[in-house]
Protein chains: 2
Amino acid sequence: MLKEETKAIPRDCGECPIRHRAVCARCEADELAQLDRVKYYRNFEAGQTVIWAGDRMDFVGSVVSGIATLTRAMEDGRTQMVGLLLPSDFVGRPGRERAVYDVVATSDVVMCCFRRKPFEELMSNTPNIAHRLLEMTLDELDAAREWMLVLGRKTAREKIASLLTIIARRDASLAYGKASGNLAFDLPLTREAMADYLGLTLETVSRQISALRKDGVIVLQGKRHVTVPDFNRLMEEAGDDCDGGLLA
Amino acid sequence: MLKEETKAIPRDCGECPIRHRAVCARCEADELAQLDRVKYYRNFEAGQTVIWAGDRMDFVGSVVSGIATLTRAMEDGRTQMVGLLLPSDFVGRPGRERAVYDVVATSDVVMCCFRRKPFEELMSNTPNIAHRLLEMTLDELDAAREWMLVLGRKTAREKIASLLTIIARRDASLAYGKASGNLAFDLPLTREAMADYLGLTLETVSRQISALRKDGVIVLQGKRHVTVPDFNRLMEEAGDDCDGGLLA
DNA sequence: CTGGATAATTGATCTGGGTCAAAGTTCGGA
DNA sequence: TCCGAACTTTGACCCAGATCAATTATCCAG
């Protein structure tokens, strides 16, 4: 109740936790000031829909904290997640007025939004924003293509291992500083959301997680907390060329 | 033999068939001139590999004519196509020195290549190139996400129908002018390549094509030429919300 | 502490698409 | 014209993962 209002929101870009990873990463002080003029924050609670596919979208923005999902659904209900939005990820497309995907907050989410029209103008004037957005989009395209391999060619077990790999990598890159003897993290998704990401059913997800646990590839504390005793083993299970280690 | 040399290659951007769709689409005369200084053409024969994943890549470029594929392979040989490169599509990534995907010419291909380093510099000076590349990358990201739904959630029959839909759309958008009473086109891919695109085996591809033929959804002349008597029917089979017609 | 909603596990069974195998087609080159 | 390689089709069988169904946590709200 009124949780939204009590949440501390950064007002100043200087304090912003995603300052150096988001679209604004390369902006100079003056550019930030311009962005600041068209920016506003929005909070969403876990489970809340940020945008429905087909809806008009008057803003673009960045996830500041929390996790959201990008999904596409068929008329008969089959659903495929097409993107996982983590802090600093960009939402929306300049030049497009309607959303094509459902965006749903998986946890409580804070978004830094920019009014679309002014943002588009800004983009044509400040190459730093456009350039950073290109870079981020190219990264997302790589991720999407990587995911196509997972969806098209991997077994259920490999799919789960691949997902765990990705989540572990992300956690390692964000929360390092912590001693990471053997890494551990919380699953930010329900079994059903994982199934939608992986093109599986939630039953299969559950079974494969159990199997990986029985085989000692992962250790579970509760249903959400995962410990990985041997990351290379996990990568082998994912079917990746695993000569990269955590930081590939 | 020596086919390469006999092929007419456009030297002048003004004559170029992809002038208004490729990265250079928005360039002014002076920008074209700059591009021209770092550009060269390369020909590839059907079946030839343009780049191997992992190889050093000193150029980026556009497909001028022909069709190429972007694929990613696992160590054990499982292969997933992650992109289909048609005329005007961009190859390579500015700022990246090694290829991550195999690029293979499916038909004879002409590419317009730019030396990578100078192209990167050009990009930071000419917003028209960077902006166009962003636009193209965003389109490709959408296509990749669309494809994730196909790979993750569609049945074999729907996958085939989806692929036919895409090829038909492309042909309609390129080759219109022709009376398109009922549309017809050639499949630019072998059954195996289709399988790699769709996350299926070539046997399943063959069976599903036969099934669609038996059910009158498509008509085959030979093994490669397809006629679609009723495009809406085909879109229904693809499981798409099909209230868009050919030009959705 | 209790009822009931949501999330997760596990079991039994079924099936779409994979696998293995054998022909049939097509086409360029000798 | 005929051969051989590459491509395609079709059949028989099998299995990974879907489907259907029943429990079992978990965790608020009352």
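So that the names make sense, note that chain A is the first sequence line, chain B the second, and so on, each numbered from 1.
In this structure, B:Ile160 atom CD1 and C:dG16 atom P are separated by 16 Å, rounded to whole Å. The interatomic distance linking B:Leu220 (CG) with D:dT10 (P) rounds to 10 Å, in whole Å. Summarising the geometry, the separation between CD on B:Glu203 and P on C:dG24 is reported as 17 Å, rounded to the nearest angstrom. In this structure, B:Arg78 atom CZ and C:dG18 atom C1' are separated by 13 Å, rounded to whole Å. The distance from atom CZ of A:Arg153 to atom P of C:dG18 is 8 Å, rounded to the nearest whole Å. Atom CZ in A:Arg191 sits roughly 22 Å away from atom P in D:dT23 (whole-Å rounding). With rounding to whole Å, B:Gln208 atom CD is found 15 Å from D:dG11 atom C1'. The CG atom of B:Leu189 sits 10 Å away from the P atom of D:dT8 (whole-angstrom rounding).
Checked by distance alone, A:Arg207 brings a side-chain donor or acceptor within 3.5 Å of a matching partner on the base of C:dG11. With hydrogens and angles ignored, no donor-acceptor pair closer than 3.5 Å exists between the side chain of B:Glu192 and the base of D:dC7.
Closest to the side chain of B:Ser210, from the set C:dT9, D:dT10, D:dT8, is D:dT10. Closest contact between the side chain of A:Arg213 and the listed nucleotides C:dA8, C:dT10, C:dT19 involves C:dT10. Closest to the side chain of A:Leu200, from the set C:dA21, D:dA18, C:dG18, is D:dA18.
Minimum heavy-atom separation, A:Ile67 to A:Pro188: CD1-CB, 3.2 Å.
Between the side chain of B:Thr79 and the backbone N or O of B:Gly77, at least one donor-acceptor pair lies under 3.5 Å. At least one donor-acceptor pair closer than 3.5 Å links the side chain of B:Lys154 to the backbone N or O of B:Ala238.
A cation-pi arrangement is present between A:Arg42 and A:Phe59 under the rule of less than 6.0 angstrom and at most 45 degrees off the ring axis.
B:Thr201 has a side-chain polar atom (N or O) that falls below the 4.0 Å cut-off from OP1 or OP2 of C:dG18. Remark: A:Ser206 is in phosphate contact with C:dT9, judged by side-chain N or O atoms under 4.0 Å from OP1 or OP2.
A:Asp186 CG to A:Gln221 CD: the interatomic distance, rounded to the nearest 0.5 Å, is 9.5 Å. Between A:Asp102 atom CG and A:Thr49 atom OG1 the span is 7.0 Å, to the nearest 0.5 Å.
Within the nucleic acid shown, B:Thr190 comes within 4.0 Å of sugar-phosphate atoms alone, with no base atom in reach, counting heavy atoms only. Looking at heavy-atom distances under 4.0 Å, B:Gly47 makes no contact with the nucleic acid at all. Nucleic acid contact class of B:Leu202 (heavy atoms, under 4.0 Å, all strands): base. Within 4.0 Å of B:Arg157, counting heavy atoms only, lies no atom of the nucleic acid at all.
Checking B:Ser162 against B:Thr165 by side-chain atom types alone, no donor-acceptor pair falls below 3.5 Å. No hydrogens or angles considered: nothing links the side chains of B:Gln80 and B:Thr71 as a donor-acceptor pair under 3.5 Å.
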Distances under 3.5 Å between protein N/O atoms and the N/O atoms of nucleotides 25-28 of chain D, please, pair by pair.
none

